[in-house]
There are 2 protein chains.
Amino acid sequence: MPRSLSKDFSPVQLQGIAEMFASLSDGSRLTILNSLRTSPAFVSEICLRTGLKQANVSKQLGILRRAGLVQSRRQGNQIKYSIREPMVFDLCGIVCRKLRRDARQRVVMLH
Amino acid sequence: MPRSLSKDFSPVQLQGIAEMFASLSDGSRLTILNSLRTSPAFVSEICLRTGLKQANVSKQLGILRRAGLVQSRRQGNQIKYSIREPMVFDLCGIVCRKLRRDARQRVVMLH
DNA sequence: TGACAATATTACTAATCTGCAATATTATCC
DNA sequence: GGATAATATTGCAGATTAGTAATATTGTCA
């Protein structure tokens, strides 16, 4: 079905979508997601991988979990986080390609 | 190529991606984009379609334009805005499907 | 040129958000 | 139980944001 014929999003949908994008609109949170891409990790490991402070990592993980983007499971003393929604990397890929397109075009415009 | 083998995003890329998501993280802006989906429109038409105030629409259009999501072209007295990046609706679609999945799963969990 | 219409910008308030230090919670081990 | 380690939460300062009213800009037409 061509895009032009697909249905509009409802106000409720748009609000939900906006909130999901808000969860993804912070560099630290994307860094954390990216660090979980290779493999699940404990909070302390995420701190090491990203260089972010523990309190900050916990806070951002809470936001990501409430958004349904990561999941956690206790393992003894520690809590292991993992990606719950791999589609987030699809989103990032789409955006990243767009950013590259824009950058390339900006180069051309200067010639 | 399986996702697990694709390359990480660089810090610079992640920051850019986060900023793009930030542009999309507001209900009014998504409403404006959605209103432009059917057809390009003048600012005054966007106000009518969305019910948003003129100053607000202009402000949000500025953010969307700076993000490279819409483009504008003057037509006499008015300025016509149009979608510059249809991929934004792909993003919304992906997120929307995820929200539906989550909602459905929440229903199941209550049984 | 002057009046008018369409859009952009500015200044502002209220609300929200990030990162941090300090503290609380939870589980393990002795 | 008490000490310790891992994680979560709280309170806070500084920065950012959305929406608004008022004002500035830009183009059209007489």
Side-chain angles (χ1 to χ4, degrees), chain A residues 11 14-36 39-84, chain B residues 11 14-36 39-84:
Chain A
L14 289 175
Q15 193 53 42
I17 295 168
E19 281 163 24
M20 179 61 63
F21 283 138
S23 303
L24 295 170
S25 70
D26 178 75
S28 297
R29 284 194 289 276
L30 290 188
T31 302
I32 291 173
L33 287 172
N34 192 53
S35 82
L36 289 174
S39 66
F42 300 117
V43 175
S44 54
E45 292 178 311
I46 298 175
C47 293
L48 288 177
R49 291 183 188 180
T50 63
L52 298 170
K53 296 251 163 92
Q54 181 266 321
N56 194 13
V57 169
S58 271
K59 189 181 192 173
Q60 309 305 342
L61 280 171
I63 293 174
L64 293 173
R65 189 164 42 74
R66 260 167 265 135
L69 294 171
V70 303
Q71 57 197 353
S72 63
R73 140 178 133 261
R74 186 172 275 279
Q75 240 174 15
N77 210 7
Q78 312 182 97
I79 297 179
K80 180 158 277 187
Y81 279 84
S82 57
I83 297 294
R84 177 188 151 84
Chain B
L14 289 175
Q15 192 53 42
I17 295 168
E19 280 162 25
M20 179 62 63
F21 283 139
S23 302
L24 296 170
S25 71
D26 178 75
S28 297
R29 284 195 289 276
L30 289 188
T31 302
I32 291 173
L33 287 172
N34 192 54
S35 82
L36 290 174
S39 67
F42 299 117
V43 176
S44 54
E45 293 178 311
I46 298 175
C47 292
L48 288 177
R49 292 183 187 179
T50 63
L52 298 170
K53 298 247 163 92
Q54 181 265 320
N56 193 14
V57 169
S58 272
K59 187 180 189 174
Q60 309 306 340
L61 280 172
I63 293 174
L64 293 173
R65 189 164 43 74
R66 260 167 265 134
L69 294 170
V70 303
Q71 57 197 353
S72 63
R73 140 177 134 262
R74 187 172 273 279
Q75 243 175 21
N77 210 7
Q78 302 172 277
I79 297 179
K80 180 157 277 187
Y81 279 84
S82 56
I83 297 294
R84 177 187 150 85

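Note that these values count all heavy atoms, side chains included, but never hydrogens, waters or copies made by symmetry. Chain identifiers are assigned alphabetically (A, B, ...) following the order of the sequence lines, protein sequences preceding nucleic acid strands; residue numbering begins at 1 within each chain.
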Asker: Would you give a per-nucleotide map of nucleotides 17-30 of chain C, 5' to 3', where B means the base has a protein non-hydrogen atom under 4.0 Å away, S means only the sugar-phosphate does, and - means neither?
Answerer: -BBBBB---SBS--
Asker: Please report, rounded to the nearest Å, how far the P atom of D:dC29 is from the CD atom of B:Gln78.
Answerer: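 Nearest whole value for this atom pair: 11 Å.
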Asker: Under a 3.5 Å distance rule, please check whether A:Glu45 uses its side chain to pair with a backbone N or O of A:Phe42 as donor and acceptor.
Answerer: yes
Asker: May I have the distance from B:Glu45 (atom CD) to C:dA5 (atom P), rounded to whole angstrom?
Answerer: 18 Å
Asker: Is any side-chain nitrogen or oxygen of A:Tyr81 closer than 4.0 Å to OP1 or OP2 of D:dA6?
Answerer: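 Negative; the distance criterion is not met.
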Asker: Given atom CD1 of A:Ile46 and atom P of D:dA6, what is their separation to the nearest angstrom?
Answerer: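 Taking atom P of D:dA6 as the reference, CD1 of A:Ile46 is at 14 Å.
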Asker: Tell me whether A:Gln78 contacts the main-chain N or O of A:Gln75 through its side chain, where contact means a donor paired with an acceptor under 3.5 Å.
Answerer: no
Asker: Could you give the NZ-to-C1' distance, from A:Lys80 to D:dA6, as a whole number of Å?
Answerer: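 In whole Å, D:dA6 C1' and A:Lys80 NZ are 14 Å from each other.
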Asker: Whole angstroms only, please: what is the CZ-P distance between B:Phe42 and D:dG27?
Answerer: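 It is 15 Å, rounded to the nearest whole Å.
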Asker: For the pair made of CG in B:Leu48 and C1' in C:dA6, what is the distance, rounded to whole Å?
Answerer: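 Roughly 13 Å, once rounded to whole Å.
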Asker: Find the distance B:Arg73:CZ to D:dG27:C1' and express it as a whole number of Å.
Answerer: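 Interatomic distance, CZ of B:Arg73 to C1' of D:dG27: 16 Å.
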Asker: Can you confirm whether the side chains of B:Ser23 and B:Glu19 place a donor and an acceptor under 3.5 Å from each other?
Answerer: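 Short answer, no.
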Asker: What nucleic acid atoms does A:Ser58 come within less than 4.0 Å of, heavy atoms only: base, sugar-phosphate, or nothing?
Answerer: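 Counting heavy atoms under 4.0 Å across all strands, the contact made by A:Ser58 includes a base.
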Asker: If only atom types and distance count, is the side chain of B:Arg29 paired as donor or acceptor with the main-chain N or O of B:Ala22 below 3.5 Å?
Answerer: yes
Asker: side-chain hydrogen bond (donor to acceptor under 3.5 Å, both in side chains) with B:Ser39: which residues, sequence neighbours excluded?
Answerer: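 Residues passing side-chain hydrogen bond (donor to acceptor under 3.5 Å, both in side chains) with B:Ser39: B:Arg49.
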Asker: Answer whether the closest heavy-atom distance between the side chains of B:Leu61 and B:Ser72 falls below 4.5 Å.
Answerer: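 With C-beta onward as the side chain, the pair stays apart.
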